[in-house]
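Here's the structure, in structure tokens; my notes come after.
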Amino acid sequence: MTRNTAGETRGTASSSEGDSSPRIVRSLQLMPKTAGAILTVGGLVVLAGWTFRVELLKSIVPGFASMKANTAFGFIASGIALMLISQRGASPTMLRTGKAFAGAAGLIGLLSFVEDSAGVSLGIDQAIFVDFGGRLTPTPGRMAISTAATFVFLALALVIADPAEGKRSRLLQPICVAGCVFPFLALVGYSFGVEGLYKPLPTQTAQALHTAALFLLGFAGAITIGPPRGLIAEFASEQLGGRLARRLLPVALLMPLLVAWVRLAGEKAGLYSTEFGLAIMVTAMTLALCTLTYFATAFLNKSDSERQVAHAAEHDLARRLQGILARSTSLVFMKDLDGRYVMASHSLEKALSLAPSELIGHTDTEVLPPSVAEALSAGDVTALTQGHASERELELITDGGIRQYLMVKFPLLNDDGTPNAICGIASDITDRRQVEDVLRSLNDELEARVDERTRELAATIKELEAFSYSVSHDLRSPLRAMDGFSRILIDEHSEDLSEDALRYLRRIREGAQQMGQLIDDLLAFSRIGRQSLEYREFELTEIVAEAFEVVRAAEPEERDIELKIMPMASIRADRTLMKQVFVNLLSNAVKYSRANPKTVIEVRCEKRAGARSAVCSVRDNGVGFELQYAERIFGVFQRLHNAAEYEGTGVGLAIVQRVIQLHGGEIWAESTPGLGATFYFTIAEGGQGDEG
């Protein structure tokens, strides 16, 4: 409960200031310093008048009472005190100094009051300047008794004034109001020529006109020290009363004085009798009051209309909020800083099996089992401490069984950033958690199946590798025998054989060699998918040159073959496999351009702008093919030309495609029959693997 009491104290202390108009508050903050400066300058001007014997500086208006030197010193001390005490962020030393100046002014007033009351002279009246007295100053150099008493009030106000709004400041406003009585009476007396108001007794000194004015200004500065409070807070408030007071107060202060002064001036000028003047005054006051009443009524009606519109908007907003709370499936609530519920959705009341009266105004520990109360209130401190939203999951036993909720709590903040309430929204995630559990179970089951399939696949691969080795070994032996015996028959017994027999033997030997090449290609194709890639950076120009040497060595020397190596980029890939790619593509280009007198092959590779890949191409001037069959040429054993005319196994381009795919690229072809073909492929930067 200590925290709540402190919060109430802070709220009471700052409520008026919080409701005050910022513009009025800024003006009030300047008032003490401004008043202090004017009091100081006013006192110095009067002292200059005494120093240089300038009556106008001492009395302002010829024939009026003059301000005494002691009074001027009192105003200087009071002005300095005002400026020091009202200084924002003033140090304790500065405050003590200001209060010392205020005490000095009060001491001057108190000594003068004692002199007038006891009829004695303490020797302070003409200690510095000589005054010859007069009708308004029976006692030369002595301030009026009303001035002395007012200085005591002003000094007391400045001594108890506290910029930080301490307890002693509660007496400040009554003292300031009481201290304004004598100066105000003096101003009225000067306005209407009533000497008794500024010089009550013939044997005492009169209070000067500018003395009364400076006193009122000094009390205005004193009463506005620190944040707005009391009368000042009501006057500066943005509420209806404060706004109306700021409009009516100047008129209420000035209108009676102005009307009475006009009436009195007319009577003195002989324009009308006393009775007629009184009637005119009553009529003018009545009209003025009726006018003020009209404007006040219009202002209140307008404000009330605005209030009704705002109230209707608030009522509509509250109705919509209640509708949301009544229909929301989430648990929505608001607590005060003590953890007491001030608002709760219907779903929360239903989940906790509590009526609104059993929940609103109570804390979790008062209405719920300890375990549930602890779960619900655990995040309150975290939300208040962190100052932002916090999440946590919790389980609640509701009328629907055990449910899981995702709770989000966050503080509601004042304009100054301090929290004033805690809000929470809890969403039922039971079904989602059940789905997640099912998905997790399915995922575990899937992973187990994948592991099992992986083991089976690994076993199958081993069997295939064993089969490949067996095929390679068992098929190559008879093929080598067929090729060898056929060659022996041709070389050593050709004379005993007919031409048909020799032709048959050559066909047998070519078939054996082709079968051996097919086995080699199939084994190479199967190995590509199983071997790991060894990435490294290299220049493609070197690879293309090496691949061309391999292809050119297999062709007759008399063939005219020209290789054009265009700009080539450096790539990061498996060097051995990339050489195989260019060997196969260049071999393909040489083979299918055999019918031309001159074979021209153009190779280029460039980096894509803004992409992490390179595009390579191999162009030839061979027979080409129909573009509609472009996809078929990358399949195993797929051929678009007669095998008798163009040798090959139909596996080379399939090997090329597999290598490019392993490097994260793609391959395609473009061609026109009789005009050659172009094979394009991309190589991703670094491929799909890591450097081996």
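Please read all numbers here as calculations on a predicted model, not as lab measurements.
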*Quick one: do the Ser345 and Ser347 side chains pair a donor with an acceptor below 3.5 Å?*
yes
*Measuring from Ile60:CD1 to Ser66:OG, what's the distance to the nearest 0.5 Å?*
10.5 Å
*Heavy-atom side-chain proximity of Leu201 to Ile145 below 4.5 angstrom*: no
*Could you grab the distance from atom CZ of Phe295 to atom CG of Leu244, nearest 0.5 Å is fine?*
13.0 Å
*Atom pair NZ/CD1 of Lys409 and Ile422 - distance to nearest 0.5 Å*: 7.0 Å
*Decide yes or no on side-chain contact (heavy atoms from CB on, under 4.5 Å) for Val54 and Lys58, but give the supporting numbers first.*
CA-CA 7 Å; Val54 180; Lys58 294 189 292 182; over 6 Å; no
*asked:* Would the distance check show the side chain of Asp316 and the main-chain N or O of Ala312 forming a donor-acceptor pair, the cut-off being under 3.5 Å?
replied: no
*Over all heavy atoms of both residues, which pair between Val114 and Val120 is shortest? Give the atoms and the distance, please.*
O-CG2, 4.3 Å
*Begin from the C-alpha positions of Thr139 and Glu115 and carry the test side-chain contact (heavy atoms from CB on, under 4.5 Å) through to its verdict.*
CA-CA 10 Å; Thr139 305; Glu115 285 184 323; over 6 Å; no
*Can you name the nearest heavy-atom pair linking Ser330 to Ile425, along with the distance?*
CB-CG2, 4.0 Å
*asked:* Could you measure the distance from the CG atom of Leu292 to the CE atom of Met285? Nearest 0.5 Å is fine.
replied: 9.5 Å
*Apply side-chain contact (heavy atoms from CB on, under 4.5 Å) to Thr211 and Met143, showing your working.*
CA-CA 10 Å; Thr211 298; Met143 67 177 67; over 6 Å; no
_Can you tell me how far apart OG1 (Thr71) and CZ (Arg142) are? Round to the nearest 0.5 Å._
12.0 Å
*Minimum heavy-atom distance between Ala102 and Ala81, given as atom pair plus value*: N-CB, 3.7 Å
*asked:* Using side-chain heavy atoms (C-beta onward) and a distance below 4.5 Å, is Ile76 in contact with Phe101?
replied: no
*Are any non-hydrogen side-chain atoms of Asp131 and Trp50 less than 4.5 angstrom apart?*
yes
*Answer whether the closest heavy-atom distance between the side chains of Gln207 and Tyr190 falls below 4.5 Å.*
no
_I'd like to know whether Thr93 forms a side-chain hydrogen bond (donor to acceptor under 3.5 Å, both in side chains) with Ser91, so could you lay out the CA-CA distance, the side-chain angles of the two residues, the decisive distance to 0.1 Å, and finally the verdict._
CA-CA 5 Å; Thr93 302; Ser91 63; 4.7 Å; no
*Exam field: side chain Thr418 to backbone Asn414, donor-acceptor pair closer than 3.5 Å*: no
*Asp125/Lys68 ion pair, N-O < 4.0 Å*: no
*So with a 6.0 Å cut-off around CZ of Phe184, is the heavy-atom count from everything else above 12?*
no
*Output field: ring centroids Phe215/Phe151 closer than 6.0 Å*: yes
*Should Phe276 and Leu271 be marked as a side-chain contact (heavy atoms from CB on, under 4.5 Å) after you check the CA-CA gap, both sets of side-chain angles, and the distance that decides it?*
CA-CA 9 Å; Phe276 185 82; Leu271 299 178; over 6 Å; no
*asked:* Restricting to non-hydrogen atoms, name the atom on Leu158 and the atom on Ser78 that form the minimum distance, rounded to 0.1 Å.
replied: CD1-O, 3.9 Å
*Is it true that a side-chain atom of Asp338 and a backbone atom of Arg340 form a donor plus acceptor pair closer than 3.5 Å?*
no
*Look at atom CZ of Phe182 and say whether more than 12 heavy atoms of other residues, nucleotides or ligands are closer to it than 6.0 Å.*
no
*Which atom names give the shortest non-hydrogen contact between Ala65 and Ala208, and what distance separates them?*
O-CB, 3.4 Å
*Is any side-chain heavy atom of Ile38 less than 4.5 Å from a side-chain heavy atom of Leu214?*
yes
*Does any non-hydrogen side-chain atom of Pro183 lie less than 4.5 Å from one of Thr150?*
yes
_Side-chain heavy-atom pair Glu267, Tyr272 within 4.5 angstrom cut-off_ = yes
_Exercise: identify the closest heavy-atom pair between Leu57 and His210_ = O-NE2, 4.2 Å
*Could you tell me the separation between the CG atom of Leu187 and the CZ atom of Phe192, rounded to the nearest 0.5 Å?*
11.0 Å
_Do Gln87 and Lys33 have side chains that approach each other closer than 4.5 Å (heavy atoms only, starting at C-beta)?_
yes
